[in-house]
Amino acid sequence: ISCPHRFGKSLLAFTLRIIFESGIRYFSDLAIGNNWTDRTYLVVQIDFSLLSNKKTIECFRVIFNRSITSAFSPLGFKFDPTNSSIRFIDQLKSWLSTLEPNTIVLLIDDYDVPLTTYLDDAELFAQVSSVMSEFYAAIKEYEGCLRFLFITGETRIGFAGIFGGFNILEDITFDPDYGTLLGFTKDEIESNFRDDLKNAEEVLNLSREALLSEMRRHYGGFSFDAEAETHVFCPSSVLQFLSHPEKGFQPYWHGSEGERSALWEIIKHQALSSPDVFKKPTSITLDELEGFSSGQDISLKALLVQTGCLTIKSKLNMAEVELGCPNKEVEHFLEQLCAEEKLKRGSPMHQ
């Protein structure tokens with residue numbers, strides 16, 4: 001599943017880890033407590049967001065191999081760096097071949113970060129893609145040992161390249177059945193934050209209906225559903241607003257945009273060439289929206305949806321959907337982003 005930053009992908013992966021490792025012990029009072037019947041498993045969780053900003057392919061390969069070794073070593077994998085005649089990936093494959101069928105749950109978070117980090121370096125991007133492709137090819141070759149595989153990302157950059165032939169994946173990014181898997185629905189906010197909502201009503205002197213309407217206008221409006229039937233709020237922004245309602249409806253979205261600096265540089269550069277893409281409703285085909293980029297050639301509109309700058313507003317026909325800015329805080333962020341870039345380009349050092 002691909003979803004914008006700050007929508008709970010990492011928390012979802014962590015929740016899956018706990019339930020596969022421990023069963024319903026920590027979830028007995030929740031809905032899943034009455035629906036989970038599976039046994040427990042060995043779980044491997046890998047966070048690829050930690051593999052950014054390595055300056056050479058040699059450095060990246062060392063850190064990548066170290067990360068994979070650290071993730072699998074509790075299950076028994078041992079990498080022998082002194083055995084130079086057998087590559088790391090072949091040592092991993094040799095170990096995977098010894099595992100019993102259906103014994104491991106593998107969770108991979110932020111698969112795309114090592115790729116988006118190098119969007120401004122085509123050679124390094126290709127080399128990093130090659131290293132990751134080898135790893136996923138090994139997982140595919142020994143998929144029989146997997147009970148469950150779950151992969152998250154913000155963008156779909158590099159997807160076709162590193163997952164080429166990886167036909168064990170089911171993409172649920174724009175599947176209506178999973179449209180509310182990430183983010184908060186209005187009903188979830190009302191049922192889980194009663195005391196916080198009551199406090200915000202009193203602080204801001206608003207009725208419940210008016211409060212929720214303003215929260216929707218500022219923090220809601222996202223749809224990750226090709227049918228445009230379901231909508232969610234950005235959970236990070238909702239939580240920050242409810243923690244400090246006395247500050248009013250402040251813009252919190254993408255406060256740490258620098259975490260994906262190379263990605264945002266591309267967005268700023270392309271968006272300033274097409275500024276109306278933020279301000280006017282626009283359409284995109286589902287093929288373009290759902291398409292996987294093998295490199296740095298992803299379309300601007302698709303990238304804006306993947307990063308949350310635009311969202312699905314309505315279904316136009318069987319082949320197209322309408323896009324638009326989801327809410328006020330994203331609109332504020334985009335205006336600020338473009339203003340900063342225009343100022344930078346207008347400074348003497350950029351003339």
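Note: hydrogens, waters and symmetry copies are ignored here, and every other heavy atom, side chains too, is used.
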Check the hydrophobic clustering (I, L, V, M, F, W, Y; side-chain heavy atoms under 4.5 Å; chains of links allowed) and say if V62 and I68 are grouped together.
no
Can you get from I284 to L316 by hopping between Ile, Leu, Val, Met, Phe, Trp and Tyr side chains that sit under 4.5 Å apart?
no
Do you know the tightest heavy-atom contact between F241 and G248?
CD1-O, 3.6 Å
One thing to verify: whether K93 and E141 come together as a salt bridge, which I'm taking to mean a side-chain N less than 4.0 angstrom from a carboxylate O.
yes
All N/O donor-acceptor pairs, side-chain side in residues 213-224, below 3.5 Å, sequence neighbours left out:
from	atom 1	to	atom 2	distance (Å)
E214	OE1	R217	NH2	3.2
E214	OE2	R217	NE	3.3
H218	ND1	E214	O	3.0
Y219	OH	Q250	N	3.2
Y219	OH	Q250	O	2.8
S223	OG	T230	O	2.9

same_hphob_cluster(L169, I162) at 4.5 Å side-chain heavy-atom cutoff:
yes
Set of side-chain contact (heavy atoms from CB on, under 4.5 Å) partners for D109, sequence neighbours left out:
K9, S10, D47, T152
For residues 73-81, which side-chain donor-acceptor pairs fall under 3.5 Å, sequence neighbours excluded?
from	atom 1	to	atom 2	distance (Å)
S73	OG	T69	O	3.2
S73	OG	S70	O	3.2
D80	OD1	T82	N	3.1
D80	OD1	T82	OG1	2.5
D80	OD2	T82	OG1	3.4

What pair of heavy atoms forms the shortest contact from C325 to L334, and how long is it?
SG-CD1, 4.3 Å
What ring-ring contact (aromatic ring centres under 6.0 Å, His included) pairs are there with at least one residue in residues 137-157, not counting sequence neighbours?
F20-F148
Among residues at least two apart in sequence or on other chains, which ones pass side-chain contact (heavy atoms from CB on, under 4.5 Å) with Q240?
R6, S236, Y252
Does a donor on one side chain and an acceptor on the other come within less than 3.5 Å for S237 and E329?
yes
Those residues at least two apart in sequence (or on a different chain) that pass salt bridge (charged side-chain N to carboxylate O under 4.0 Å, His left out) with E335 are none
If you measure from the Lys or Arg side-chain nitrogens to the Asp or Glu carboxylate oxygens, is any gap between D90 and R87 under 4.0 Å?
yes
Inter- and intrachain pairs under ring-ring contact (aromatic ring centres under 6.0 Å, His included), touching residues 186-215, at least two apart:
F184-F193
Distance-only polar pair, side chains of E320 and N317, donor-acceptor under 3.5 Å:
yes
Write out all pairs satisfying ring-ring contact (aromatic ring centres under 6.0 Å, His included) with one or both partners inside residues 307-330, taking only residues at least two apart or from two chains.
none
Locate the shortest heavy-atom distance separating Y41 from N102; write the atom from each residue and the value.
CE2-O, 3.5 Å
Considering non-hydrogen atoms only, spot the tightest contact between V43 and E21 and give its length.
CG2-CG, 3.3 Å
Would you please test I46 and L106 for side-chain contact (heavy atoms from CB on, under 4.5 Å) and show each step?
CA-CA 8 Å; I46 304 171; L106 178 56; 4.1 Å; yes
Give the minimum heavy-atom separation between I157 and D112, together with the two atoms involved.
O-CB, 4.4 Å
Determine whether more than 12 heavy atoms belonging to other residues, nucleotides or ligands lie under 6.0 Å from atom CZ of F249.
yes
Give a yes or no on whether the ring-centroid distance for W95 and F72 is below 6.0 angstrom.
yes
So, for V232 and G179, which heavy atoms are closest and what is the spacing to 0.1 Å?
CG1-O, 4.1 Å
Would you sort out whether E58 and R61 count as a salt bridge (Lys or Arg N to Asp or Glu O under 4.0 Å), showing the intermediate values?
CA-CA 5 Å; E58 292 77 18; R61 192 185 296 274; over 6 Å; no
Group every Ile, Leu, Val, Met, Phe, Trp and Tyr by side-chain heavy-atom contacts under 4.5 Å, then state whether Y118 and L50 land in the same group.
no
If you measure only the distance, is there a donor-acceptor pair under 3.5 Å linking the side chains of R156 and T173?
yes
F135: partners by ring pair (Phe, Tyr, Trp, His ring centres under 6.0 Å), with sequence neighbours left out:
F64
Considering residues at least two apart in sequence or located in another chain, which fulfil the salt bridge (charged side-chain N to carboxylate O under 4.0 Å, His left out) criterion with R208?
E201
Give the intermediate values and the outcome of side chain to side chain donor-acceptor pair (under 3.5 Å) for residues N83 and S85.
CA-CA 5 Å; N83 191 348; S85 63; 2.7 Å; yes
Would you say that more than 12 heavy atoms from the other residues, nucleotides or ligands in this model lie under 6.0 Å from the CD of E100, or not?
no
Holding to salt bridge (charged side-chain N to carboxylate O under 4.0 Å, His left out), I want the full list of residues that pass it with D175, two or more places apart in sequence or in another chain.
none
Are K186 and E190 close enough for a salt bridge, meaning some N to O gap below 4.0 Å?
yes
Sequence neighbours excluded, every pair satisfying salt bridge (charged side-chain N to carboxylate O under 4.0 Å, His left out) that has a member inside residues 223-248:
E227-K315
Are I24 and L11 grouped together when hydrophobic residues (ILVMFWY) are joined by side-chain heavy atoms under 4.5 angstrom apart?
no
Please step through side-chain contact (heavy atoms from CB on, under 4.5 Å) for the pair I57 and V128, ending with a clear verdict.
CA-CA 7 Å; I57 188 58; V128 167; 4.0 Å; yes
